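Right, one structure below, let's go through it.
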Amino acid sequence: MFKKKDKKKISGSEAVILSLINEGVDVLFGYPGGAIMPVYDAMHDYYDKLNHILTRHEQGAIHAAQGYARVTGKVGVGIVTSGPGATNAVTGIADAMLDSTPLVVISGQVASSLLGTDAFQEIDVVGITQPITKWNYQIKRAEDIPEAFAKAFYLAKSGRPGPVVLDITKDAQFGEFEYEYKKIDFIRSYRPLPKTDYTQIDEAARLINLAKKPMALIGQGVILGNAESEALEFLEKSDIPAAYTLLGLSAIPSDHRLNIGMLGMHGHYAPNVKTNDADLIIAVGMRFDDRVTGNLDKYAKKAKIIHLDIDPAEVNKNVYADVSILGNVKVTLPLISEKVSSIDRSEWLKEFQGLTNIETRKIIKKEINPSHKKLSMGEVIHRVSQAFDDDAIMVTDVGQHQMMAARYFKFKQTRSVVTSGGLGTMGFGLPAAIGAKMGKPDRDVVLFVGDGGFQMTIQELGTIFQSKIPVKVVLLNNSFLGMVRQWQELFFDKRYASTELINPDFQGICKGYHMPSELVESRDKLDSAIKNLVEHEGPYLIEAIVEKEGNVFPMVPAGASVSDIRLE
């Protein structure tokens with residue numbers, strides 16, 4: 001435990017720094033300002049223990065902290081000033097809440113005596129962030145800092161993870177007290193692990209053993225619970241085909257024989273169609289999001305539902321569960337595995353393979369080996385994945401390229417995907433890639449980003465330059481807000497209202513930020529550009545000009561059944 005000399009008084013600002021160190025924080029992301037300046041001043045003496053990454057915008061700091069948290073499993077930390085600093089952080093906090101990402105966000109605040117007076121850069125941070133945090137708290141006394149920080153880190157990472165906000169008044173940062181830090185592993189009335197009903201384990205095993213056509217749905221809860229090996233053991237023993245959600249990507253290796261593909265609106269053909277043929281759905285650490293279920297009135301009507309989740313609020317929220325098993329799936333899945341029989345379900349698996357073959361012939365082969373002159377998003381992503389031996393961390397922004405990357409990038413190990421799921425935040429990708437690389441410096445990190453989302457946080461190229469972060473970027477430029485344009489084409493009679501982009505010279509912008517880059521306008525330049533991307537030791541950007549009106553298929557139209565998925 002890191003302490004100052006016993007009985008010596010220290011400032012609240014130094015207590016903030018020592019509390020971070022005591023919680024094992026080694027990297028944090030932020031942007032200074034008046035109300036948080038005392039903490040930054042204290043941090044100056046601890047740069048040998050804390051690596052502070054100066055982003056170019058507070059939203060970037062929080063997304064970077066998310067990227068760090070997602071690849072490491074640790075709590076990400078962001079630090080911002082009051083007023084606009086805190087409000088600029090709100091999007092990242094909301095994104096983290098919806099995607100169960102553990103964060104502690106520290107915001108400065110005006111002095112206690114000025115609260116409620118509309119002082120310069122005063123804003124009600126606690127009121128604004130209450131709906132989008134697991135917990136938030138305003139610290140008005142220096143003496144309260146250690147306990148508040150211990151509580152914040154415990155809440156952020158325990159149970160279903162999520163963001164916590166600590167708003168610290170300026171007088172609390174200046175105040176002095178005798179510092180002592182005690183980690184917290186219990187809070188009265190807070191139950192991060194719900195009680196497991198063991199009779200439900202028996203019933204789940206019984207249904208699984210009786211099922212002729214069972215199907216597992218793997219969500220991010222498997223990754224958050226560090227239960228990847230337990231999930232594979234369960235699947236392999238029971239011989240059950242497994243699909244995954246967007247945030248469940250990489251929980252199962254891409255080439256595993258039981259991996260049947262991604263669920264959802266732009267997921268794979270077989271798992272979507274077969275959802276409505278299954279007689280048993282086993283949902284593991286996923287929340288039945290509307291992008292996965294489509295029309296709930298037509299969802300999995302032949303199937304019994306077994307739902308394993310750590311959050312009781314998710315059970316029976318969207319889809320009724322015949323059997324609900326609460327707890328960390330790392331604990332509950334092995335209990336089921338012990339009781340299930342080894343059953344040959346090869347005939348059921350063949351039904352998925354037949355549909356996969358149809359999708360491969362009608363969509364995948366055409367996407368990755370197009371006959372027309374223009375590059376497609378899918379072929380670029382596919383070739384980049386191959387160049388990194390299907391073993392890089394994939395970060396995406398939001399849009400068509402995100403769905404293409406989820407479909408055509410492959411994975412060998414877990415925690416290899418960083419993307420914005422529940423909130424769908426454009427601008428997420430570039431700063432999140434920075435955080436991912438800081439969290440896993442020994443792994444390749446490649447970002448796929450569209451020309452729309454790239455411009456939302458493009459200033460973070462300055463962070464990459466200043467901190468020398470070797471992120472690889474693939475900019476897929478179609479001069480459109482591609483996903484919105486696709487919907488306009490399919491459902492609004494090709495009335496492209498405010499979706500075509502007149503873009504800047506991205507190569508010139510990269511030059512201004514001292515980032516090596518390369519423009520790829522034709523297929524004959526793609527391989528050499530990807531080779532440069534992979535081999536360059538520092539950051540590198542490829543701008544690939546892709547077809548303007550390419551679409552992501554398959555697609556489940558909004559309001560349709562998942563089995564009504566369109567191949568074109």
Side-chain angles (χ1 to χ4, degrees), residues 67 70-71 246 249-250 253-255 261-262 266 360 363-370 374-413 415-420 428-430 432-434 436-437 440 442-454 461 464 469-478 482 506-507 510 515-547 550 552:
R70 293 273 284 274
V71 300
L246 177 64
L249 267 168
S250 82
S254 300
D255 60 357
M262 186 172 70
H266 291 289
T360 299
I363 295 176
I364 296 174
K365 285 186 175 180
K366 293 179 181 179
E367 181 68 32
I368 64 177
N369 296 298
K374 285 288 186 182
L375 288 167
S376 72
M377 287 189 185
E379 71 174 304
V380 175
I381 293 164
H382 172 69
R383 301 273 277 279
V384 171
S385 182
Q386 288 181 321
F388 283 104
D389 195 28
D390 297 335
D391 200 26
I393 291 173
M394 177 193 84
V395 185
T396 82
D397 207 82
V398 169
Q400 283 184 314
H401 71 275
Q402 177 189 30
M403 296 296 100
M404 286 291 194
R407 289 175 52 80
Y408 294 104
F409 205 87
K410 304 302 178 185
F411 309 97
K412 292 180 178 178
Q413 56 182 305
R415 291 192 180 274
S416 293
V417 177
V418 181
T419 193
S420 173
F428 173 89
L430 186 58
I434 290 169
K437 187 62 180 178
K440 291 291 183 180
D442 295 333
R443 293 194 65 190
D444 291 309
V445 173
V446 57
L447 164 68
F448 295 100
V449 62
D451 45 316
F454 187 50
L461 290 174
I464 290 173
I469 303 170
V471 170
K472 311 295 185 176
V473 181
V474 179
L475 169 59
L476 296 163
N477 184 354
N478 61 3
F506 289 119
Q507 298 298 303
C510 287
M515 185 170 186
S517 66
E518 191 168 349
L519 180 64
V520 179
E521 297 182 276
S522 58
R523 190 166 287 106
D524 61 327
K525 295 182 179 179
L526 182 60
D527 285 341
S528 63
I530 292 174
K531 186 175 185 291
N532 292 336
L533 180 83
V534 173
E535 294 180 355
H536 188 75
E537 291 187 2
Y540 200 87
L541 181 144
I542 292 175
E543 179 188 358
I545 306 300
V546 296
E547 57 180 313
V552 189

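What you are looking at is a predicted structure, and each value in this text was computed from that prediction instead of being measured.
- Between Ala436 and Val395, the shortest heavy-atom distance links the atoms CB-CG2, 4.2 Å.
- Residues Val546 and Lys374 form no side-chain contact, since every pair of their non-hydrogen atoms from C-beta on lies 4.5 Å or further apart.
- Of the listed residues (Val474, Ile393, Val534), just one forms a side-chain contact (heavy atoms from CB on, under 4.5 Å) with Val446, and that residue is Val474.
- We find the NE2-CG distance between His382 and Asp390 to be 8.5 Å, quoted to the nearest 0.5 Å.
- When every heavy atom of Leu249 is checked against every heavy atom of Ala406, the shortest pair comes out as CD1-CB, 3.7 Å.
- Proximity of Met394 to Phe411: side-chain heavy atoms (C-beta onward) are separated by under 4.5 Å at one or more points.
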Please lay out, stage by stage, how Glu521 and Lys525 fare under the test salt bridge (charged side-chain N to carboxylate O under 4.0 Å, His left out). CA-CA 7 Å; Glu521 297 182 276; Lys525 295 182 179 179; 5.4 Å; no
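- Across every non-hydrogen atom of Ser420 and Leu246, the tightest pair is O-CD2, 4.5 Å.
- Side-chain N or O atoms of Gln400 include none that pairs as donor or acceptor with a backbone N or O of Gly450 at under 3.5 Å.
- For the atom pair NZ (Lys365) and OG1 (Thr360), the distance works out to 7.0 Å, reported to the nearest 0.5 Å.
- Atom CD1 in Ile469 sits 6.5 Å away from atom CD1 in Ile464 (nearest 0.5 Å).
- For the side-chain contact (heavy atoms from CB on, under 4.5 Å) criterion with Leu430, the lone passing option out of Leu447, Asp397, Val449 is Leu447.
- Taking CG from Leu475 and SG from Cys510, the interatomic distance works out to 8.0 Å, rounded to the nearest 0.5 Å.
- Using modelled atom types, one side-chain atom of Arg415 and one backbone atom of Arg70 make a donor-acceptor pair closer than 3.5 Å.
- No option in Gln413, Lys410, Lys412 other than Gln413 meets the side-chain hydrogen bond (donor to acceptor under 3.5 Å, both in side chains) test with Asp391.
- A pairwise comparison of heavy atoms in Ile530 and Val380 identifies CD1-O, 4.5 Å as the closest pair.
- To the nearest 0.5 angstrom, Met404 atom CE is 11.5 Å from Ile368 atom CD1.
- Residue Leu541 is tested with Glu518, Gln507, His536 for a side-chain contact (heavy atoms from CB on, under 4.5 Å); the sole match is Gln507.
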Chi angles and distances behind the side-chain contact (heavy atoms from CB on, under 4.5 Å) call for Asp451, Phe506: CA-CA 9 Å; Asp451 45 316; Phe506 289 119; 4.1 Å; yes
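- One finds the OG atom of Ser416 at 3.5 Å from the CZ atom of Arg443 (value rounded to the nearest 0.5 Å).
- A pairwise comparison of heavy atoms in Thr396 and Gln402 identifies OG1-CG, 3.3 Å as the closest pair.
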Does Phe448 form a side-chain contact (heavy atoms from CB on, under 4.5 Å) with Thr419? I'd like the steps, not just the answer. CA-CA 10 Å; Phe448 295 100; Thr419 193; over 6 Å; no
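- Judged by distance alone, with hydrogens and angles left aside, the side-chain atoms of Ser376 form a donor-acceptor pair with the main-chain N or O of Glu367 at under 3.5 Å.
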Check against side-chain contact (heavy atoms from CB on, under 4.5 Å), Leu476 and Ile381: CA-CA 9 Å; Leu476 296 163; Ile381 293 164; 4.0 Å; yes
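- Val520 and Ala529 make their closest contact through CG2-CB, 3.4 Å (heavy atoms, listed as atom of the first residue, atom of the second, distance).
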Working note: Arg407 + Ile363, criterion side-chain contact (heavy atoms from CB on, under 4.5 Å); need CA distance, chi angles, decisive distance, verdict. CA-CA 11 Å; Arg407 289 175 52 80; Ile363 295 176; 3.9 Å; yes
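- You'll find the side chain of Met515 reaches within 4.5 Å of the side chain of Val473, heavy atoms only.
- The shortest side-chain heavy-atom distance between Pro470 and Lys437 falls under the 4.5 Å cut-off.
- No hydrogens or angles considered: nothing links the side chains of Tyr408 and Glu379 as a donor-acceptor pair under 3.5 Å.
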